[in-house]
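Here is the structure we will look at.
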Amino acid sequence: MNKVNEIAKMIDHSILHPTLTDKDLRRECEVARKYNVASVCVKPYAVKQAVELLKGSDVLVGCVIGFPAGNSSIAVKAYETETACKDGAVEIDMVINIGKALQEDWKYIEEEIKTIVEASHRYGAITKVIFETDFVTKDEHKIKLCEICSKVKADYVKTSTGFGFVKEPDGRYSYTGATAHNLELMRKHSAPEVKVKAAGGVRTLGDLLKYKELGISRCGATATVTMLEEARKIYGEL
């Protein structure tokens with residue numbers, strides 16, 4: 001595998017904005033196929049379409065669960081997971097119950113993550129657990145989440161949804177997403193077999209390569225074309 005392919009296989013191409021249509025889904029799946037990325041990450045209703053669009057390629061189909069706010073009950077998240085897996089998803093990116101994490105209801109959080117991990121694994125899918133680090137900001141909370149994910153055998157810990165908007169003093173909303181600090185923390189406090197995914201705000205090849213050095217295995221991105229075209233200029237063809 002050459003360097004550009006190696007970089008491409010770190011990217012989960014995100015197709016998650018609320019405004020995206022079926023036409024957009026077809027276009028973005030074609031991008032994923034062209035650049036041979038690791039996976040597409042799609043909304044639950046789009047799983048069947050994405051599987052069909054990517055048939056014959058090496059691009060996997062992943063699905064978000066409880067996205068983006070994480071507010072669904074455990075039972076609903078489990079049903080959503082099972083439905084996505086039956087529709088052909090082989091990767092599940094779940095959002096935790098953020099309020100429960102902030103109030104340190106770790107029994108609930110452990111049960112929630114364990115339930116989704118077990119549901120995913122029954123269908124041969126992997127589970128990535130989204131902390132939403134723009135909301136879960138205390139290091140001790142992030143460390144506890146890493147410990148729980150390790151205990152229940154989640155496959156990945158993941159920083160953000162890309163939609164964790166925080167209201168600024170001027171009334172506008174913004175998010176930070178992945179940071180070097182959080183990725184280092186998550187890598188350090190997760191079991192060796194639990195991988196780390198950077199998501200939210202990763203827009204350049206430089207960002208991806210910097211985070212790769214910190215130990216991430218995957219990166220969620222919408223700027224896939226920009227990053228991989230830059231990689232092609234530096235390293236050569238795909």
Side-chain angles (χ1 to χ4, degrees), residues 1-16 28 31-42 54 57-64 90-95 125-134 136-137 139 142-143 145-147 149-150 153-164 175-238:
M1 183 181 292
N2 67 33
K3 187 70 173 178
V4 182
N5 277 322
E6 181 185 326
I7 293 168
K9 285 303 183 187
M10 290 183 65
I11 294 176
D12 292 343
H13 186 54
S14 299
I15 315 175
L16 297 171
E28 295 305 320
V31 167
R33 181 190 286 272
K34 175 182 176 181
Y35 289 94
N36 196 25
V37 297
S39 78
V40 293
C41 192
V42 303
L54 291 164
S57 78
D58 292 331
V59 180
L60 305 174
V61 175
C63 179
V64 289
V90 294
E91 303 198 343
I92 296 295
D93 290 45
M94 67 161 288
V95 187
I126 67 170
T127 311
K128 305 172 199 156
V129 181
I130 304 171
F131 294 5
E132 199 62 280
T133 51
D134 279 85
V136 180
T137 57
D139 283 357
K142 288 172 272 189
I143 291 169
L145 287 168
C146 289
E147 291 170 350
C149 288
S150 300
K153 302 189 184 305
D155 300 280
Y156 278 80
V157 291
K158 176 179 170 182
T159 53
S160 317
T161 63
F163 294 88
Y175 73 94
T176 301
T179 65
H181 170 77
N182 284 332
L183 294 168
E184 287 180 305
L185 186 83
M186 292 162 76
R187 180 62 280 160
K188 179 179 179 182
H189 293 280
S190 298
E193 64 271 18
V194 178
K195 298 175 183 178
V196 179
K197 176 176 172 178
V202 185
R203 299 186 181 92
T204 69
L205 178 63
D207 289 337
L208 190 155
L209 294 177
K210 176 176 71 174
Y211 294 151
K212 183 176 184 288
E213 290 300 310
L214 299 179
I216 72 161
S217 299
R218 292 279 190 90
C219 169
T222 56
T224 301
V225 174
T226 300
M227 290 193 289
L228 291 177
E229 284 299 330
E230 184 179 354
R232 286 174 70 174
K233 289 177 183 177
I234 298 170
Y235 301 112
E237 293 297 312
L238 280 164

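In this chain, residues are counted from 1 in sequence order. Note that the structure is a prediction, hence the values are computed from the model and not measured. Because only heavy atoms are used, hydrogens play no part in the values below, and waters and symmetry mates are left out as well, while side chains stay in.
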Measure the spacing between [atom1] of [X] and [atom2] of [Y] and express it to the nearest 0.5 Å.
X: K153; Y: I126; atom1: NZ; atom2: CD1; answer: 15.5 Å
X: D139; Y: L185; atom1: CG; atom2: CG; answer: 5.0 Å
X: I130; Y: K158; atom1: CD1; atom2: NZ; answer: 3.5 Å
X: I92; Y: K128; atom1: CD1; atom2: NZ; answer: 9.0 Å

Minimum heavy-atom distance between [X] and [Y], given as atom pair plus value:
X: G177; Y: D134; answer: N-OD1, 2.8 Å
X: M227; Y: L205; answer: CG-N, 3.5 Å
X: V194; Y: C149; answer: CG2-O, 4.5 Å
X: V202; Y: L208; answer: CG1-N, 4.1 Å

Applying side-chain contact (heavy atoms from CB on, under 4.5 Å), name anything that partners [X], two or more places apart in sequence or on another chain.
X: E229; answer: Y35, V225, R232
X: C41; answer: L16, V64, D93
X: E28; answer: H13, I15, V31
X: T133; answer: F131, K142, T159, S160, N182

Side-chain (D155) to main-chain (T127) donor-acceptor, under 3.5 angstrom: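 A pair under 3.5 Å: yes.
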
If you look only at pairs with a residue in residues 215-228, which of them pass as a salt bridge (Lys or Arg N to Asp or Glu O under 4.0 Å), with sequence neighbours excluded?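 Applying salt bridge (Lys or Arg N to Asp or Glu O under 4.0 Å) to every pair that reaches into residues 215-228, excluding sequence neighbours, yields D12-R218, E91-R218.
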
List the residues meeting side chain to side chain donor-acceptor pair (under 3.5 Å) with T137, not counting sequence neighbours, and say none if there are none. none

For S14, all residues meeting side chain to side chain donor-acceptor pair (under 3.5 Å), sequence neighbours excluded: none

Enumerate donor-acceptor pairs with a distance under 3.5 Å from any side-chain N or O in residues 209-217 to protein atoms, sequence neighbours excluded.
residue, atom, partner, partner atom, Å
Y211, OH, A178, O, 3.4
K212, NZ, E6, OE2, 3.4

Taking NZ in K9 as the centre, count heavy atoms belonging to other residues, nucleotides or ligands within less than 6.0 Å. Is the count above 12?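 Yes, because the 6.0 Å sphere around NZ of K9 holds more than 12 heavy atoms from other groups.
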
Please determine which of L54, D58, V40 meets the side chain to side chain contact (heavy atoms under 4.5 Å, CB included) test together with R33.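 Only one option passes, and that is L54.
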
Checking side chain to side chain contact (heavy atoms under 4.5 Å, CB included) between L228 and each of N36, N5, I11, which is the one that passes? I11

Flag side-chain contact, heavy atom, 4.5 Å: V95 against T161: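 They are in contact (side-chain heavy atoms under 4.5 Å apart), so the answer is yes.
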
In short, side chain to side chain donor-acceptor pair (under 3.5 Å) pairs touching residues 184-196 with sequence neighbours left out are none

